[in-house]
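A short write-up of the structure that comes next.
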Amino acid sequence: MPLVTSKEMFKKAYEGGYAIGAFNVNNMEIIQGITEAAKEENAPLILQVSSGARNYAKHVYLMKLIEAAIEDTNLPICVHLDHGDTFELCKSCIDGGFTSVMIDGSHHSFEDNIKLTKQVVEYAHAHGVVVEGELGRLAGVEDAVNVSEADSSYTDPAQVVEFVEKTGVDSLAIAIGTSHGAYKFKPGQKPQLRFDILEKVEKQLPGFPIVLHGASSVIPEFVEIINANGGKMPDAIGIPESMLRQAAKSAVCKINIDSDLRLAMTASIRQYFNEHPDHFDPRQYLKPARANIKALVKNKLINVLGCNGKA
Ligand code: G3H
Ligand code: 13P
Ligand code: ZN
């Protein structure tokens with residue numbers, strides 16, 4: 001099975017009322033944990049690479065690891081650039097074999113976002129690659145850029161048709177109250193998402209795939225394990241699984257998860273070292289970390305995304 005784009009995946013997900021998990025990858029153990037879970041659950045997958053991940057591991061290492069995962073699992077896997085911020089970065093990923101790119105022009109004016117996104121779409125489509133655009137701006141940290149709550153903004157449903165028509169994007173990320181990182185809501189604050197905005201967008205763009213970023217649930221158990229084993233994380237609050245399930249049944253076809261993977265890995269490693277302070281073989285502590293990622297992803301595929309058995 002070769003790498004695939006997300007086109008067919010999204011069509012089936014839209015019609016079937018489920019979503020595809022887009023998991024951020026940075027190294028072999030993360031890729032193995034995710035793909036082993038998807039293999040056991042027979043789930044389609046998007047593995048996404050941020051520019052930070054690409055700088056950390058190098059494009060070629062991540063590509064080869066993902067190719068190995070495809071050979072190992074025989075699953076439909078799409079490899080996607082997460083939060084591309086320039087045409088050059090998107091072009092480099094397209095030329096390097098990615099099947100999908102995101103051009104995140106959400107920090108620009110509406111007009112400049114359209115211009116940049118259209119430029120990427122033209123190049124991508126000429127090379128058989130699909131494009132995700134973004135309208136609205138999420139709060140939180142991505143690639144060391146911190147968008148404050150004051151600078152974040154919900155997607156305006158009145159702009160989505162013009163944006164999609166003028167750019168030709170294949171999917172659209174919208175801002176409805178999710179945010180990047182582990183601190184999505186303030187302590188004591190009740191998590192809330194603007195499902196009314198999602199419904200309006202859905203009405204404006206019938207049949208069109210919508211993407212939800214910043215969708216980690218920030219599993220409390222992992223934060224507890226981290227803090228019980230020497231960590232010092234302040235109160236971390238994520239998106240409740242029930243809300244993600246609701247989103248997955250709607251036009252949302254892609255749900256982005258990174259922070260939960262980081263927490264699963266860190267919790268496992270901290271616990272391991274607390275229990276085995278004399279160990280120093282990376283295989284010993286990375287093995288349970290990989291297993292923890294696998295268990296987390298299995299739960300997401302079955303109970304949150306509903307894409308198990310859909311490969
Ligand atoms: O949205 C951001 C993702 O969590 C990727 O994070 O840019 O630190 O790799 P990163
Ligand atoms: P989280 O930080 O909620 O995992 O979001 C990840 C994301 O949106 C990657 O693009
Ligand atoms: Zn994101």
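In each ligand, atom 1 is the first atom listed, and ligand 1 is the first ligand listed. We use all heavy atoms of the structure for the numbers below, so side chains are in, but hydrogens, waters and symmetry mates are not.
Distances below 4.0 Å separate heavy atoms of H213 from the following atoms of ligand 2: 8 (O), 10 (O). Close contacts between ligand 2 and H83 involve ligand atoms 10 (O) [criterion: under 4.0 Å to a heavy atom]. The N24 neighbourhood of ligand 2 comprises atoms 9 (C), with distances under 4.0 Å to a heavy atom of that residue. Set against the non-hydrogen atoms of D258, the atoms of ligand 1 under 4.0 Å away are 3 (C), 4 (O), 5 (C), 6 (O). Those atoms of ligand 2 that come under 4.0 Å of a heavy atom in S259, given as number and element, are 1 (P), 2 (O), 4 (O). Counting the atoms of ligand 1 from 1 in the order shown, those under 4.0 Å from a heavy atom of N24 are 3 (C), 5 (C). Each of the atoms 5 (C), 7 (O), 9 (O), 10 (P) of ligand 1 lies under 4.0 Å from some heavy atom of S50. Counting the atoms of ligand 2 from 1 in the order shown, those under 4.0 Å from a heavy atom of G181 are 2 (O).
Checking D104 against H83 by side-chain atom types alone, a donor-acceptor pair falls below 3.5 Å. Using a 3.5 Å distance cut-off with no hydrogens or angles, the side chains of R54 and S92 do pair a donor with an acceptor.
Between the side chain of S217 and the backbone N or O of I219 there is no donor-acceptor pair closer than 3.5 Å. H59 places a side-chain N or O within 3.5 Å of a backbone atom of G96 that can act as its donor or acceptor partner. A distance-only check finds no donor-acceptor pair linking the side chain of S106 to the backbone of R137 [under 3.5 Å]. Under the 3.5 Å distance criterion, the side-chain polar atoms of N113 are matched with a main-chain donor or acceptor of E134.
Inter-residue side-chain proximity for F98 and V129 is flagged as unmet; no heavy-atom pair is nearer than 4.5 Å.
Scanning for ring-ring contact (aromatic ring centres under 6.0 Å, His included) contacts around F273 gives Y285, with sequence neighbours left out. For H279, the ring-ring contact (aromatic ring centres under 6.0 Å, His included) test picks out Y272, H276, with sequence neighbours left out.
With atom 10 (P) of ligand 1 as the reference point, the heavy atom nearest to it among H180, H83, Q48, R262 is part of R262. Comparing L261, D82, D258 against atom 9 (C) of ligand 2, the shortest heavy-atom distance belongs to D82.
Of the heavy atoms in N256, none comes closer than 4.0 Å to ligand 1. The backbone of A215, and not its side chain, has at least one atom closer than 4.0 Å to an atom of ligand 2 (non-hydrogen atoms only; backbone = N, CA, C, O). With a heavy-atom cut-off of 4.0 Å, L138 does not touch ligand 2 at all.
Residue I257 places no N or O, backbone or side chain, under 3.5 Å from any N or O of ligand 2.
Heavy-atom distances between K184 and ligand 2 reach below 4.0 Å in at least one pair. Judged by the shortest distance from any of its heavy atoms, Q48 lies inside the 4.0 Å radius around the atoms of ligand 2.
The Zn ion (ligand 3) is the vertex of the angle joining NE2 of H180 and ND1 of H213, which measures 130° to the nearest 10°.
Between E15 and K11 a salt bridge is recorded (basic side-chain N to carboxylate O distance below 4.0 Å).
The two residues I255 and L305 make their nearest non-hydrogen contact at CB-CD2, 3.7 Å.
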